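The structure appears right after this line, and notes come after that.
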Protein chains: 2
Amino acid sequence: MSTIKDVARLAGVSVSTVSRVLNNSKPVNSDVRDRVLIAIDELGYRPNSVARTLVNKKSQLIGVVIPDIDNPFFSALVRGVEEEAKKKGYSILLCNTGGDLEQEIQYLDILKEKYAAGVVFLTARVQDEHVSFFRESKTPVVFACQPENLTGGFSSVAIDDFRAAYEGTSYLIKREHKNIGFVSGPLSDSSSGVLRVEGFKQALIDNGIDFRSEWLYEGNYRYRSGYTGGLKILQQLERPTAIFCANDEMAVGLLSAARELDLSVPEKLSVLGFDDTVMAEIVNPKLTTIRQPICAIGKYSAHTLIGEIEGGVEKQHLLLEYEIVERGSCKSI
Amino acid sequence: MSTIKDVARLAGVSVSTVSRVLNNSKPVNSDVRDRVLIAIDELGYRPNSVARTLVNKKSQLIGVVIPDIDNPFFSALVRGVEEEAKKKGYSILLCNTGGDLEQEIQYLDILKEKYAAGVVFLTARVQDEHVSFFRESKTPVVFACQPENLTGGFSSVAIDDFRAAYEGTSYLIKREHKNIGFVSGPLSDSSSGVLRVEGFKQALIDNGIDFRSEWLYEGNYRYRSGYTGGLKILQQLERPTAIFCANDEMAVGLLSAARELDLSVPEKLSVLGFDDTVMAEIVNPKLTTIRQPICAIGKYSAHTLIGEIEGGVEKQHLLLEYEIVERGSCKSI
DNA sequence: TTGTACGCGTTATCAC
DNA sequence: GTGATAACGCGTACAA
């Protein structure tokens with residue numbers, strides 16, 4: 001492995017000159033520049049990024065902190081981040097936290113000690129600990145899938161969860177559903193989850209439909225809770241003709257519950273999902289769902305982040321487009 | 001951020017002494033050790049890993065190179081690697097390659113320049129370029145899901161794909177199926193894929209059943225190819241009573257094809273999957289499949305790797321257990 | 001425009 | 001046992 005010194009020697013110049021052509025940090029005579037370039041090429045020289053990091057106090061690493069890589073929603077986000085980062089010469093340090101605050105902080109410390117250039121952060125709720133870390137360490141960060149007002153002043157990329165849920169509900173109402181249930185995410189801390197219930201409720205109100213709390217089930221985004229919620233809601237004397245789930249995984253669980261209760265979907269029950277992850281397509285009936293451009297959220301998160309890292313671009317809040325994709329799980333009554 | 005010098009000053013010792021208590025590299029008097037420890041605590045000092053890496057030429061980074069993080073099979077593996085690595089103080093550099101050799105090599109170069117301690121590698125086929133990289137750079141590596149004889153002498157963690165496919169086929173045969181189709185992975189380069197077809201064929205032979213090439217479809221592990229393969233096989237004049245798919249995703253695609261052709265599963269057609277990823281459970285009917293302990297493969301890969309990194313443990317080939325998990329997609333005839 | 005020399009935070013080799 | 005000091009590979013004032 002050749003170093004900058006080898007290049008300097010071969011080109012007959014000093015290391016500083018080599019450094020200058022490497023970084024375009026100062027003007028260099030074109031003939032010497034050529035000599036250096038040739039030497040670099042000849043030696044197959046590549047600057048040592050560790051040494052660089054040590055002096056610059058900034059690496060080419062981007063931390064991606066998420067609750068669970070083994071969840072299609074998060075892995076799609078990571079893929080988006082990775083693609084964009086790779087394009088710009090950054091690598092991904094994967095921080096899998098299980099949604100645990102302690103682990104999040106632990107990883108944040110690791111990122112700091114490795115001089116990570118920035119981090120894309122997806123958490124159920126932005127906590128004071130997070131905010132103060134980013135403030136103190138001055139590490140650029142963008143929060144993914146987080147409502148603008150909860151990011152502590154940092155950048156974010158998301159969709160408008162309130163409006164998306166509002167429109168999803170409207171979609172159901174337009175199809176003559178007046179009895180609509182809702183399986184939500186955790187309402188205590190999942191901020192975008194709260195937005196979705198609120199969008200749902202608002203749509204009900206605006207259409208003169210009463211909200212029925214017995215048809216609201218607070219799940220946790222997992223298959224199991226969709227199943228349980230479905231059982232809870234559908235076994236009541238009076239049951240809704242449609243249920244809106246705050247994500248696809250729960251919707252799929254709900255499908256199982258409906259099947260178990262012999263309620264055919266969509267004939268007897270319409271089911272509307274959220275996210276449009278891979279499972280929406282493979283389940284039977286295929287899920288009508290609100291598509292959230294997860295991979296794009298990852299891409300734009302990375303893009304925004306790198307903008308802040310390199311260009312000193314201003315903090316910003318991006319809202320991406322969602323859309324209702326109609327498949328087989330909803331029908332008019 | 002305090003450095004080793006600050007600690008040395010505060011403790012009234014030299015930096016070398018601090019370094020020694022940090023690394024237990026040489027004996028230190030217990031009273032001075034205590035002073036150092038106190039100083040460390042007082043300053044909240046944490047050794048700078050970048051500087052460490054620069055002098056040791058070895059970081060605490062483990063590269064995980066896979067084709068696609070947004071695929072439940074690979075993401076499960078990554079989760080396993082991450083868990084084990086985190087436990088041992090290593091972090092994960094995620095290398096998403098799209099299965100492209102050029103990108104694999106590109107990432108390998110990045111890993112080298114970052115002084116990665118080792119890499120967990122999952123690729124369709126181990127190529128000469130891979131092997132020579134690991135030989136020359138002396139970077140420890142373990143290949144995941146790769147047949148022992150194709151790892152170029154490096155460690156590996158996998159299951160016995162041949163036997164697993166053999167047993168899967170036997171499972172079908174025991175249930176009186178004599179006409180069995182097979183949807184395979186790519187046969188040109190996916191080595192474990194080849195093993196699975198061979199296990200399938202061998203089971204046929206050992207049971208006196210003819211192999212019918214028209215019932216073999218070469219897919220690519222994706223949903224779409226399972227669907228297409230299903231159509232191809234099931235629209236023939238004579239069709240099998242059971243089809244074995246080399247992974248779950250294709251099995252799910254096959255399910256769609258069967259539904260489209262009005263062949264109810266498992267009544268008219270038994271379908272056997274492979275892997276037991278999340279989708280096996282959410283599809284209807286639920287998939288009977290051969291469970292491969294993907295997450296554990298990740299864990300053991302990391303464990304083996306770290307053993308080689310730290311202990312100079314010998315190269316080894318681990319074969320983990322698989323099992324047939326019976327759900328609703330297969331029946332006796 | 002170019003070169004010298006020092007610093008980034010550690011570890012390791014040497015003397016003491 | 002302990003303490004200087006030279007690496008590790010690079011960027012950058014500063015001097016020329």
Side-chain angles (χ1 to χ4, degrees), chain A residues 1-37 39-40 43-61 89 109-110 112-117 137-138 310, chain B residues 1-37 39-40 43-61 89 109-110 112-117 137-138 310:
Chain A
M1 210 61 298
S2 53
T3 79
I4 198 173
K5 285 184 186 170
D6 302 320
V7 177
R9 199 174 310 130
L10 184 58
V13 298
S14 72
V15 292
S16 19
T17 302
V18 178
S19 176
R20 280 170 199 133
V21 345
L22 246 33
N23 306 307
N24 279 316
S25 46
K26 288 201 173 180
V28 172
N29 261 349
S30 62
D31 53 330
V32 273
R33 149 169 274 115
D34 288 346
R35 287 216 313 276
V36 171
L37 258 18
I40 287 176
L43 293 171
Y45 166 76
R46 299 189 40 158
N48 181 314
S49 66
V50 178
R52 255 187 180 168
T53 299
L54 185 59
V55 26
N56 292 334
K57 295 181 173 318
K58 179 185 292 190
S59 73
Q60 294 296 106
L61 238 39
D109 285 335
I110 290 178
K112 184 170 66 173
E113 97 175 10
K114 290 196 186 305
Y115 294 122
S137 68
K138 300 202 182 311
E310 300 184 342
Chain B
M1 208 62 296
S2 53
T3 78
I4 197 173
K5 285 183 187 172
D6 302 321
V7 176
R9 199 173 310 131
L10 183 59
V13 297
S14 73
V15 292
S16 346
T17 303
V18 179
S19 176
R20 291 197 259 266
V21 345
L22 246 33
N23 306 307
N24 279 316
S25 46
K26 287 200 173 180
V28 172
N29 262 349
S30 62
D31 53 331
V32 321
R33 148 170 275 115
D34 287 346
R35 287 215 314 277
V36 170
L37 258 19
I40 286 177
L43 292 172
Y45 165 77
R46 297 187 42 155
N48 181 314
S49 66
V50 177
R52 257 187 179 167
T53 299
L54 184 59
V55 29
N56 291 335
K57 294 182 172 317
K58 180 186 290 190
S59 73
Q60 293 296 105
L61 238 38
D109 285 335
I110 290 177
K112 185 171 64 173
E113 94 175 12
K114 291 197 186 306
Y115 293 121
S137 68
K138 300 202 183 312
E310 299 184 343

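Naming convention: chains lettered A, B, ... in sequence-line order (proteins, then strands); numbering from 1 in each chain. Quick caveat: nothing in here was measured; it's all calculated off a predicted structure.
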Problem set entry | base_contact_polar (C:dG9 base, B:Arg46 side chain, donor-acceptor, <3.5 Å) | no
Problem set entry | Side-chain donor or acceptor of B:Asn48 paired with backbone N/O of B:Val50 under 3.5 Å | yes
Exercise. Please give, in whole Å, the distance from C:dA12 P to B:Asn23 CG?
Worked result: 7 Å
Exercise. Can a side chain N or O of B:Tyr45 be found less than 4.0 Å away from OP1 or OP2 on C:dT10?
Worked result: yes
Exercise. Is A:Thr3 near enough to D:dG9 that one of its side-chain N or O atoms lies under 4.0 angstrom from OP1 or OP2?
Worked result: no
For this session: Could you tell me the separation between the CZ atom of A:Arg9 and the P atom of C:dT4, rounded to a whole number of Å?
Result: 13 Å
Problem set entry | Audit row: A:Ser19, A:Ile4, side chain to side chain contact (heavy atoms under 4.5 Å, CB included) steps and yes/no | CA-CA 8 Å; A:Ser19 176; A:Ile4 198 173; 4.1 Å; yes
Problem set entry | Listed nucleotide nearest any side-chain atom of A:Lys57, set C:dC8, C:dT10, D:dT2 | C:dC8
For this session: Please determine, for the side chain of B:Val55, which listed nucleotide (D:dC8, D:dG1, D:dG11) has the closest atom?
Result: D:dC8
For this session: Mind checking B:Thr17 for me? I need base, sugar-phosphate or nothing, with any heavy atom below 4.0 Å counting as a touch.
Result: sugar-phosphate
Seminar exercise, completed: When rounded to whole Å, the CD1 to C1' distance for the pair B:Ile4 and C:dA12 reads 12 Å
Exercise. Atom CG of A:Asn24 and atom C1' of D:dG11: how far apart are they, to the nearest Å?
Worked result: 14 Å
For this session: Determine the contact category for A:Val50: base if any of its heavy atoms lies under 4.0 Å from a base atom, sugar-phosphate if only primed atoms, P, OP1 or OP2 are that close, otherwise nothing.
Result: nothing
For this session: Would you indicate what A:Val32 reaches in the nucleic acid, counting non-hydrogen atoms under 4.0 angstrom: base, sugar-phosphate, or nothing?
Result: sugar-phosphate
For this session: Check whether any side-chain nitrogen or oxygen of A:Asn29 sits under 4.0 Å from OP1 or OP2 of C:dT2, and answer yes or no.
Result: yes
Exercise. With no hydrogens and no angle check, is any side-chain donor or acceptor of B:Asn29 less than 3.5 Å from a backbone partner on B:Val32?
Worked result: no
Exercise. B:Asn56 has a side chain; which of D:dC8, C:dT11, D:dG11 sits nearest to it?
Worked result: C:dT11
Exercise. In terms of the nearest nucleotide of DNA chain C, which residue is placed more toward the 5' end: B:Met1 or B:Lys26?
Worked result: B:Met1
Seminar exercise, completed: Partner of B:Val7 under side-chain contact (heavy atoms from CB on, under 4.5 Å), picked from B:Leu43, B:Leu22, B:Val15, is B:Leu43
Exercise. For the pair made of CG in B:Asp34 and P in D:dT2, what is the distance, rounded to whole Å?
Worked result: 12 Å
Seminar exercise, completed: When rounded to whole Å, the CZ to P distance for the pair B:Arg52 and C:dT10 reads 8 Å
Exercise. Taking NZ from B:Lys5 and P from C:dT11, how many angstroms apart are they, rounded to a whole number?
Worked result: 13 Å
Exercise. Do B:Thr17 side-chain atoms and B:Val13 backbone N/O form a donor-acceptor pair below 3.5 Å?
Worked result: no
Exercise. Is the backbone of B:Ala11 close enough, under 3.5 Å, to the side chain of B:Arg35 for a donor and an acceptor to pair up by distance?
Worked result: yes
Exercise. Rounded to whole angstrom units, what separation is found between the CG atom of A:Asn48 and the P atom of D:dG11?
Worked result: 10 Å
Seminar exercise, completed: Out of D:dG3, D:dC10, C:dG3, minimum distance to the side chain of B:Val13 belongs to D:dG3
For this session: Ignoring hydrogens and angles, answer whether the base of C:dT4 and the side-chain atoms of A:Ser16 contain a donor-acceptor pair closer than 3.5 Å.
Result: yes
Seminar exercise, completed: Whichever of B:Ser30 and B:Tyr115 has the more 5' nearest nucleotide on DNA chain D, that residue is B:Ser30
For this session: Tell me whether the OP1 or OP2 atom of C:dT10 has a side-chain N or O from B:Ser19 closer than 4.0 Å.
Result: no
Exercise. Is there a donor and acceptor pair, one atom on the side chain of B:Arg20 and one on the base of D:dG3, closer than 3.5 Å?
Worked result: yes
